[in-house]
Number of protein chains: 2
Amino acid sequence: MAKQPGLPVRGSTTGRPIMVLFDALGQKWSMRILWELRDGPLTFRELRERCDDVSPTLLNTRMKMLKELGLTETTEQGYGLTEWGADLGKQLARLDDWANKWALTMYDAQP
Amino acid sequence: MAKQPGLPVRGSTTGRPIMVLFDALGQKWSMRILWELRDGPLTFRELRERCDDVSPTLLNTRMKMLKELGLTETTEQGYGLTEWGADLGKQLARLDDWANKWALTMYDAQP
DNA sequence: CTTATTGCTACAGTTAGTGTAGCGCAAGAG
DNA sequence: CTCTTGCGCTACACTAACTGTAGCAATAAG
């Protein structure tokens with residue numbers, strides 16, 4: 001089933017962009033994959049290894065979805081982020097900053 | 001099973017804050033719940049309704065998790081965000097802005 | 001008492017994700 | 001040419017995550 005802003009997703013019929021994004025990022029490994037690709041393209045097997053050996057079945061379906069959403073693409077160096085994917089990656093980097101402060105003040109856990 | 005920065009989560013043994021966050025937000029309805037609480041506390045049944053009638057079973061387990069993470073709390077008005085939860089909500093609002101631009105330039109889909 | 005509304009639990013059924021094995025293909029070595 | 005090596009990916013059986021409906025115990029009002 002296709003997936004893009006404007007079309008309904010799990011748990012929301014409106015196709016409102018943020019709902020599409022919540023649906024996509026709310027699936028296991030989605031954010032992690034974008035995160036691991038932040039420093040440049042990786043091969044299927046490399047990416048899989050970085051994601052704690054996620055099952056290839058899932059990695060493949062997830063990559064198909066992210067590709068459909070225009071966030072990743074396949075280059076000659078392997079799987080990489082598109083411009084939009086990289087942009088979203090920056091948003092995730094902000095989340096990283098946030099998470100570190102959060103952990104620090106709430107649990108004294110180090111990044 | 002407890003959940004907090006510093007302790008291992010699904011797919012990462014390090015307990016690195018961003019991984020804890022990815023694990024938590026990567027579960028279905030997590031982001032949506034934080035999103036729906038952004039304008040103030042809601043009762044269990046109200047919150048459930050706003051989340052497209054998510055099953056009460058899941059809503060309850062999710063609320064327990066979010067509470068454990070210090071993102072939500074139960075007030076006299078019902079379920080609400082903590083300061084950290086509200087802060088994270090602001091990050092999600094940034095994602096909303098991002099998603100709207102994304103949808104607009106990629107698919108001409110309106111927010 | 002009855003009635004209504006609340007937060008929440010029980011439980012069976014469906015969907016999503018896991019883990020291992022290995023296929024088909026392309027490139028390099030002998 | 002054959003043999004190996006490493007690649008992206010698929011098959012498939014298993015487990016975990018989520019769904020949907022019914023309804024319980026508690027509280028409050030009539």
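These numbers come from the heavy atoms of this one structure, side chains and all, not from hydrogens, waters or symmetry mates. In what follows, chains carry the letters A, B, and so on, assigned in the order in which the sequence lines appear, proteins first and then strands, with residues in each chain numbered from 1.
Rounded to an integer number of Å, the gap from CE of A:Met65 to P of C:dT15 is 19 Å. Between B:Glu46 atom CD and C:dC8 atom P the separation is 13 Å, expressed in whole Å. The CG-P distance, from A:Asp53 to C:dA21, rounds to 14 Å in whole Å. Atom CZ in B:Arg48 sits about 12 Å away from atom P in C:dT6, given to the nearest Å. Counting to the nearest Å, the C1' atom of C:dG17 and the CZ atom of B:Phe22 are 19 Å from each other. As rounded to whole Å, 13 Å separates atom C1' of D:dT19 from atom CG of B:Leu59. Spacing between atom NZ of B:Lys28 and atom C1' of C:dT14 amounts to 11 Å, rounded to whole angstrom units. If you take CD of B:Glu76 and C1' of C:dT6, they are 16 Å apart, rounded to a whole angstrom.
Judged by distance alone with a 3.5 Å cut-off, no donor-acceptor contact links the side chain of A:Arg45 to the base of D:dG6.
A donor-acceptor contact shorter than 3.5 Å links the side chain of A:Thr82 to the backbone of A:Leu71. Under a 3.5 Å cut-off, the side chain of A:Arg48 and the backbone N or O of A:Val54 do form a donor-acceptor pair.
Checking A:Gly26 against A:Thr74, the closest nucleotide of DNA chain D that is more toward the 5' end is the one next to A:Thr74. Taking for each of A:Leu58 and B:Leu42 the nucleotide of DNA chain C with the nearest heavy atom, the 5'-most of the two is the partner of B:Leu42.
Contact annotation: A:Thr57 side-chain N/O to C:dG19 OP1/OP2 distance is not under 4.0 Å. At D:dG8, one or more side-chain N or O atoms of A:Thr43 fall inside 4.0 Å of OP1 or OP2 (strictly under the cut-off). Contact check, B:Lys64 against C:dC8: no side-chain N or O comes under 4.0 Å of OP1 or OP2. At C:dA16, none of the side-chain N or O atoms of A:Gln27 fall inside 4.0 Å of OP1 or OP2 (strictly under the cut-off). Residue A:Trp29 places no side-chain N or O under 4.0 Å from the OP1 or OP2 atom of C:dA16.
Out of D:dT10, C:dC8, D:dT19, the shortest distance to the side chain of B:Pro56 is found at C:dC8.
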For A:Lys28 and B:Asp23, what are the C-alpha separation, side-chain angles and deciding distance, and is it a salt bridge (charged side-chain N to carboxylate O under 4.0 Å, His left out)?
CA-CA 8 Å; A:Lys28 206 170 170 185; B:Asp23 175 41; over 6 Å; no
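When the shell of 6.0 Å around CD of B:Glu46 is examined, it contains more than 12 heavy atoms from other residues, nucleotides or ligands.
Within the 4.0 angstrom heavy-atom criterion, only backbone atoms of the sugar-phosphate kind lie near A:Arg62; the bases stay farther away.
You'll find the ring centres of B:Trp98 and A:Trp84 inside the 6.0 Å limit.
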